[in-house]
S.K.: 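Have a look at the structure that comes next, please.
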Amino acid sequence: MLDCHCHLSQFDDLSAVLEQARRQGIHSWLSCASDRDSWLKQRELARIPGVLLAQGLHPWYAEQGCEGLEEFLPDSVALGECGLDFYRARDPEMREGQKRVLRRQLELARRYRKPVVLHCVRAHQALLQEMEAFPDVRCMIHGFLGSTADAQAWLRRGDYLSLGPHALSRSDLMRHLPLDRVLIETDAPSRGTSLLDLKPVLEAWQQVQPLQPELFQSNLFRFLGRQRDQAGGRQFKG
Ligand SMILES: [Zn+2]
């Protein structure tokens, strides 16, 4: 199994945590950056088998600015996580600040031809509007918990939706989302989740649809625009 969104640089006991996950059949992770400090820490993870990197600046840290991010992009498979969080940013000035940093990152994604991992909380309309200037940039909306209408808007753009442990009760999404555009994730260790929380998400989905974990793996590789063998198939076995 492949965890399509987590933050491995935030674990103190990473090798033990990864070993535990491997024993449960989880062998690959797309590890995303959060603040500036995480860029260097993330880069060190690149040598761990099965680890793919996304480098970017989370909207919670927008005030740190994304200067220097460019340097970390050639080694990464995607840019992220970035996005908008209007629950966190209540006033217009803060929201504008998040948008500015997001636009800069989307321009980088375009220049370096990287797909983008998006964080979106209470901001689907605003984020879709920002994306209008970037029709060529492919996105994954991680931890998707939006409405069916939100989902449709992202799918029309050609994007992917990733469901995590907080979507366990969303059988509406699991039943109706097109199976070639969905992903699963833990977002661990955010909000107390663990890398082992991937299995319950897969199982919840399997209760409403007969699907195999390999589905999410091939979807992630399609999102990343790379073939399994280009990335070294050995590292990405389910
Ligand atoms: Zn995250």
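Both backbone and side-chain heavy atoms feed into the values below; hydrogens, waters and symmetry mates do not.
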S.K.: Hydrophobic clusters here meaning ILVMFWY residues chained together by side-chain heavy-atom distances under 4.5 Å, can you tell me if L128 and F134 are in one?
M.R.: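 Linked within one cluster.
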S.K.: Distance alone, cut at 3.5 Å: any donor-acceptor contact between the side chains of Q10 and S38?
M.R.: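 No pair is found: no donor N or O on one side chain lies under 3.5 Å from an acceptor on the other.
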S.K.: For D85 and R122, what are the C-alpha separation, side-chain angles and deciding distance, and is it a salt bridge (Lys or Arg N to Asp or Glu O under 4.0 Å)?
M.R.: CA-CA 6 Å; D85 191 323; R122 301 201 184 168; over 6 Å; no
S.K.: Can you establish whether the number of heavy atoms outside E93 located under 6.0 Å from its atom CD is more than 12?
M.R.: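 For E93, atom CD is not crowded (no more than 12 foreign heavy atoms under 6.0 Å).
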S.K.: Give a yes or no on whether V208 and L145 share a hydrophobic cluster (residues Ile, Leu, Val, Met, Phe, Trp, Tyr; joining criterion: side-chain heavy atoms under 4.5 Å apart).
M.R.: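 In one cluster with V208: L145, no.
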S.K.: Please say yes or no: joined through hydrophobic side-chain contacts below 4.5 Å, possibly via intermediate residues, are L8 and L196 part of one cluster?
M.R.: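 The answer is no; the residues belong to distinct hydrophobic clusters.
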S.K.: State whether a side-chain donor-acceptor pair under 3.5 Å links H124 with W154.
M.R.: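 Present: a donor and an acceptor within the cut-off.
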S.K.: Determine whether L183 and H5 make a side-chain contact, defined as any pair of heavy atoms from C-beta on separated by less than 4.5 Å.
M.R.: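 No. Closest side-chain heavy atoms not under 4.5 Å.
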S.K.: Using the rule given for side-chain contact (heavy atoms from CB on, under 4.5 Å), can you reason through W29 versus L52, listing the C-alpha separation, both sets of side-chain angles and the distance that settles it, and then say yes or no?
M.R.: CA-CA 6 Å; W29 303 268; L52 297 165; over 6 Å; no
S.K.: Please lay out, stage by stage, how V116 and Q105 fare under the test side-chain contact (heavy atoms from CB on, under 4.5 Å).
M.R.: CA-CA 9 Å; V116 170; Q105 294 185 82; over 6 Å; no
S.K.: Do L18 and L45 share a hydrophobic cluster, counting only Ile, Leu, Val, Met, Phe, Trp and Tyr and linking them when any side-chain heavy atoms are less than 4.5 Å apart?
M.R.: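 Yes, it is one cluster - the side chains of L18 and L45 are joined through contacts under 4.5 Å.
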S.K.: Using a distance-only test with no angle check, is there a side-chain donor-acceptor pair under 3.5 angstrom linking D3 and T186?
M.R.: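 Result is yes, a qualifying pair exists.
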S.K.: Please round to the nearest 0.5 Å and tell me the distance separating atom CG of L118 and atom CG of L84.
M.R.: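 The CG atom of L118 sits 8.5 Å away from the CG atom of L84.
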S.K.: Flag yes if more than 12 heavy atoms outside R90 fall under 6.0 Å of its CZ atom; otherwise flag no.
M.R.: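 It does: R90 CZ has more than 12 such atoms within range.
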S.K.: Less than 3.5 Å apart, any donor N or O on the side chain of Y160 or R138 sitting next to an acceptor on the other?
M.R.: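 There is no such pair (donor and acceptor under 3.5 Å, judged by atom type) between the side chains of Y160 and R138.
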S.K.: Going by heavy atoms in the side chains, are R222 and D180 under 4.5 Å from each other?
M.R.: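 Yes, their side chains come closer than 4.5 Å.
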S.K.: Do P59 and R88 touch side chain to side chain, with heavy atoms closer than 4.5 Å?
M.R.: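 Side chain of P59 against side chain of R88, heavy atoms only: no contact under 4.5 Å found.
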S.K.: Should M174 and L163 count as side-chain neighbours, where that means a heavy-atom distance under 4.5 Å?
M.R.: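 The answer is yes, as the side chains (C-beta and beyond) meet within the 4.5 Å cut-off.
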S.K.: Would you call F144 and S162 a side-chain contact if the rule is heavy atoms closer than 4.5 Å?
M.R.: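 The answer is no, as the side chains (C-beta and beyond) never meet within the 4.5 Å cut-off.
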S.K.: Could you give me the CA-CA distance, side-chain angles and deciding distance for L179 and Q209, then say whether side-chain contact (heavy atoms from CB on, under 4.5 Å) is met?
M.R.: CA-CA 10 Å; L179 288 183; Q209 298 230 43; 3.7 Å; yes
S.K.: Can you tell me if Q55 uses its side chain to pair, donor with acceptor, with the backbone of A33 under 3.5 Å?
M.R.: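 The answer is no, because no donor-acceptor pair under 3.5 Å joins these two groups.
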S.K.: Please determine whether side-chain contact (heavy atoms from CB on, under 4.5 Å) holds for the pair H27 and M1, giving the CA-CA distance in whole Å, both sets of side-chain angles, and the decisive distance to 0.1 Å.
M.R.: CA-CA 6 Å; H27 290 274; M1 280 187 281; over 6 Å; no
S.K.: Quick one: does Q206's side chain have a donor or acceptor within less than 3.5 Å of a partner on L211's backbone?
M.R.: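 Yes: the side chain of Q206 pairs with the backbone of L211.
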S.K.: Hey, are the side chains of R191 and H166 touching, using non-hydrogen atoms and a 4.5 Å cut-off?
M.R.: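 Yes. Closest side-chain heavy atoms under 4.5 Å.
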S.K.: Linking I/L/V/M/F/W/Y whenever any side-chain heavy atoms sit under 4.5 Å apart, do L57 and V121 land together?
M.R.: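 L57 does not cluster with V121.
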S.K.: Under a 4.5 Å cut-off applied to non-hydrogen side-chain atoms, are L53 and V77 in contact?
M.R.: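 Contact flag for L53/V77 side chains = no.
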S.K.: Looking at F86, I'd like to know if the NZ or CZ of R95 sits under 6.0 Å from its six-membered ring centre while staying within 45 degrees of the ring's axis.
M.R.: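 Pair R95/F86 counts as cation-pi.
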S.K.: Looking at every non-hydrogen atom in both residues, tell me the closest pair between A78 and L224 and how far apart they are.
M.R.: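 Distance-wise, the nearest heavy atoms are CB-CD2, 4.1 Å.
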S.K.: So do the side chains of Q152 and R156 get within less than 4.5 Å of each other, counting heavy atoms only?
M.R.: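 Yes - at least one pair of side-chain heavy atoms lies under 4.5 Å apart.
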S.K.: Please work out whether the ring planes of H119 and W60 are parallel, tilted or perpendicular, with thresholds of 30° and 60°.
M.R.: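 If you compare the ring of H119 with that of W60, the planes turn out perpendicular.
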S.K.: Anything under 3.5 Å between a donor and an acceptor, one on a side chain of residues 61-74, the other on a protein residue two or more places apart or in another chain? List them.
M.R.:
| unit_1 | atom_1 | unit_2 | atom_2 | d |
| --- | --- | --- | --- | --- |
| Q64 | OE1 | R36 | N | 2.9 |
| E70 | OE2 | R111 | NH1 | 3.1 |
| E70 | OE2 | Y112 | OH | 2.9 |

S.K.: Between R104 and E107 (salt bridge meaning N to carboxylate O under 4.0 Å), is one present in this structure?
M.R.: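 No.
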S.K.: For Q42 and H7, which I'm curious about, is there any donor-acceptor pair between the side chains at under 3.5 Å?
M.R.: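 Distance-only check fails for Q42 and H7.
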S.K.: Just jot down the side-chain hydrogen bond (donor to acceptor under 3.5 Å, both in side chains) partners of S147, sequence neighbours excluded, or say none.
M.R.: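 S147 satisfies side-chain hydrogen bond (donor to acceptor under 3.5 Å, both in side chains) with D150 only.
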S.K.: Tell me if the CZ atom of R113 is crowded by more than 12 foreign heavy atoms within 6.0 Å.
M.R.: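 12 or below, so no.
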S.K.: Whether R181 and D159 form a salt bridge (side-chain N of Lys/Arg under 4.0 Å from carboxylate O of Asp/Glu) is what I want to check.
M.R.: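 Judged by the 4.0 Å cut-off on N to carboxylate O distance, D159 and R181 do not form a salt bridge.
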S.K.: Look up atom CG in N219 and atom CD in E214, then write down how far apart they are to the nearest 0.5 Å.
M.R.: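 Interatomic distance, N219 CG to E214 CD, rounded to 0.5 Å: 11.5 Å.
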S.K.: Examine distances only and state if a side-chain atom of D13 and a backbone atom of A16 form a donor-acceptor pair shorter than 3.5 Å.
M.R.: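 Looks like no, no N/O pair under 3.5 Å.
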